[in-house]
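So you know, we letter chains A, B, ... as the sequences are listed, proteins then strands, and number each from 1.
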Amino acid sequence: MSRQTTLASRTQQAQPAPEAEYGPPPGVLVLRLGRVGALPIRHRSLTVWLLITAAVLGASAVTLTIGDLGISLTQLPSLLTGGGEATDRFVLSRLRGPRLLVGVGVGAALGVAGALFQAVTRNPLGSPDVIGLGAGAGAGASVAALIAPGAVPVPLGALLGAGIAIGLVTLSTGTGLRHPGRIIVAGIGVSAMAQAFTHFVVAFIARDEATSLATYLNGSLTARDWGHAGIIWGALLFCLPVLLYLAGPVRLGEMGDETSQTLGAPARTTRTVAVLMSVLLSAAAVSVAGPISFVALTAPQIARRMAGAGGPSLVLSAAVGALLIVCADLVVQRVPLGEGLPVGIVTMALGGIYLGHLLIREWRKGTL
Amino acid sequence: MSAPSNAVLAARSLTLGYGADPVVHGVDLEIDPGEFTVVVGPNGCGKSTLLKALGRVNRPMSGQVMLHGRDLRTRRTKAVARELALLPQSPVVPDGVTVRSLVERGRFAHHTLLRQWSPEDEQAIAEALDLTATADLAEVPLASLSGGQRQRAWVAMVLAQDTGVLLLDEPTTYLDIAHQYDLLQLFARLHRRGRTVVAVLHDLAQAARFATRLIMMDGGRVVADGAPHEVVTSDLVGEVFGLACDVVPDPRTGTPLVIPHEEPVAG
C-alpha cells in the first residue's frame, strides 16, 4: 500500500506539468494582468502596506474631525460632493483639506526620495536630508520667495537650490556619487552651508515676519492651499512612471555596479535617473512645505524593516513618509506642548534621535 | 582575422585599463562553445580585468569584445545579461536579503516592466537552488551564512540567470579546500551540460584539473594558450611566476601538478 503510494507520487514527479509545479512561492501573491503581465507581491508587503494606508486614513480622519472646527465624518461624503454646511465646506476646502493633502504628498515624496538616494549610495545615511538636498532646496526657495519675489517661481528656486547642492556634493567628493562615505561627509558640509545661507537670507530680508518664515527654516504646513497641493501631487504623478521602471534596477544597484551591470541593469544610468528623481521630489516637497527634516531619512528605513525582505521598497517608503508627516502635523495642531510649532520641529526631534543611532551603528560597522 | 567564426566570445585587439596605463595590451582571443576555459597568471597580470571586459563590466580603451559575433558595446545591458552571466569577485551583500531573494534577482534580465514573474522564473530558481544545494537555506539571510554557503548562494544567483555563458572571477577565493572542489565540481557539471565557462583561478593544479583549455597571462598579454599539459610546464611556470619547479602528472587524473623547488627553511 505504502509502496504503491510512493510509486504513484514518483510517477507524478517524473512527468510534471510545468505550470502546475512551478507556481508562485509560498507567501507571494502574483497579480496577473491578463496576458500582458504578472507582478509578484509578497503577502507581508501587502499586509504592511494595507496597515500603513489604513493608519494614514485614520490619522487623516482625526485631522479633519478633531477640535472646534472639526467636521463630522458622516458629513464628509456630502461635503466632498459639494453639499453640507458652509462652515464645514470652508474648513474642508480652505483650511484642513489642502493642508492634509499637502502633508500626505510631501511625506510620500520625501519617502521615495530617501529610498532612492539611500539605495544609490548604499547607505542609510546617504539620504537627501543628510547630504544637503533638502537644505539646498530650502535655500533656493528662500531666495526665490524673499529676495526677488515673483522673479523666479518658488518651486523652480527650490529645484535650482537642490540641483546646486547635489552638484557641489558630486564635485567635492572627487569621485562623483560612487563612494557613500565621501558623499555623506561632503553632504554634511554642503547641508550646513545651505542652512547658514537660508538663515542669512531670512535674517537679512525680514526680521519681523519670523513666524511666516518658519517654512523656510524648519518646514511647516501652516496655511497651505490647493496650489501647493497641485505642485506636490503633480510632481508625484510626473515621477510615477519613471519610478515604476526604476524600482527593479535600483534594487540591483544595491549590490554594487559590477553585479548590477551583469544582472542586466545599467548601473550608471540607474544612478543618474534615481538622483534626478530624488532631486525633483525633494525640491517639490521643499517648495510647498519647506525643508522638513529626517522624513526622507527615516521613512525608507522603517519601511525596509517592516517589509523584512531586504532591498528598498518605494511604495512602502511613500506610505510611511505620508504617515510620519500626517502624524507629526497632528501633533503640532492638537497636542498642547507642540501646538503652533512648525511640523519640521517635530520630525527633527524624532529624526535627530534616529540619526544619532544610525551614526553610531555605521561607525561600529566601520562604514564611516 | 575577420573570417567568420563560431566563437561565443571573442576579444579583438583588446586594450584595457584604468586611467592612462593599460593593464591588458591588445589581446586577441576566441572562446568556442562548450569550452571550460581557465585563465591563470600572477597577481596583477590583467586576468580579472580581461574577464570583466568579456562580461561588459569594463569598457575597453580600444578593441572590441564580440558576443556571438556582435560588439558588446552596441548591445543593451539587459539583452547581454540573458546570454552571459558574470560572478563578480566581491559583490556587495544587500542589507537583510535572504538566499531566495538574492537568487530571484538573477531573473531580472528576463523580466519586463509588467511581467516580473513567470513559471520559468520559479523553475530556474528551483534548479539553481537545487544545483548549488542551497534549497534548504532559501529563507536564511545571506549575512548569517558561512563563506562557503554564501558563495554557493551567489553562484545560484548567476545560475538562475540561465545564460549560455558563465564567467567566474576567482570563485574559490576565501573558501576552504573542500568547498573549493565542491564548487569546481559544480562548474564542471554545468560545463558538461553545455554551458560555456570561463573562470579566473589562482591554483594551477585546480586549473589544470578542470579546464579543457588553459590561458596563461603575464604583464597584460597572453603568453600561453592550449590544453593544460601544454601550458603548465616547468619552463613557463618558472618564467611567468618566477617559481623554479617540477611539473609531474597528478596521480589521480594525469593532469599537470606543480611541485616547487623551494623547500621550507629548516630550524
message = Taking B:E120 first and then B:R107, would you say they form a salt bridge - that is, a charged N and a carboxylate O separated by under 4.0 Å?
response = no
request  = Determine yes or no for a side-chain-to-main-chain donor-acceptor pair under 3.5 angstrom, with A:R122 supplying the side chain and A:G253 the backbone.
outcome  = yes
task = Sort A:R268 into side chain, backbone, both or neither according to what part of it lies under 4.5 angstrom from a heavy atom of chain B.
result = neither
query = Does a side-chain heavy-atom distance below 4.5 Å link B:T132 with B:L186?
reply = yes
query = Considering only heavy atoms, which portion of B:R82 lies under 4.5 Å from any heavy atom of chain A: side chain, backbone, both, or neither?
reply = neither
task = Apply the test salt bridge (Lys or Arg N to Asp or Glu O under 4.0 Å) to residues B:R12 and B:E30: give CA-CA distance (whole Å), side-chain angles for both, the deciding distance (0.1 Å), then the verdict.
result = CA-CA 9 Å; B:R12 305 241 182 271; B:E30 291 201 344; 3.5 Å; yes
Contact class of B:L87 relative to chain A, heavy atoms under 4.5 angstrom = neither
task = Rounded to the nearest 0.5 Å, what's the gap from NE2 on B:H179 to CG on B:D182? Could you check?
result = 6.0 Å
inquiry  = For A:L33, which atoms come within 4.5 Å of any heavy atom of chain B: side chain, backbone, both, or neither?
reply    = side chain
task = Could you check which of B:H111, B:M157, B:R100, B:E122 has the highest count of heavy-atom pairs closer than 4.5 Å to chain A?
result = B:E122
key: Which of A:A265, A:G256, A:A267, A:G248 touches chain B most, by non-hydrogen pairs under 4.5 Å   = A:A265
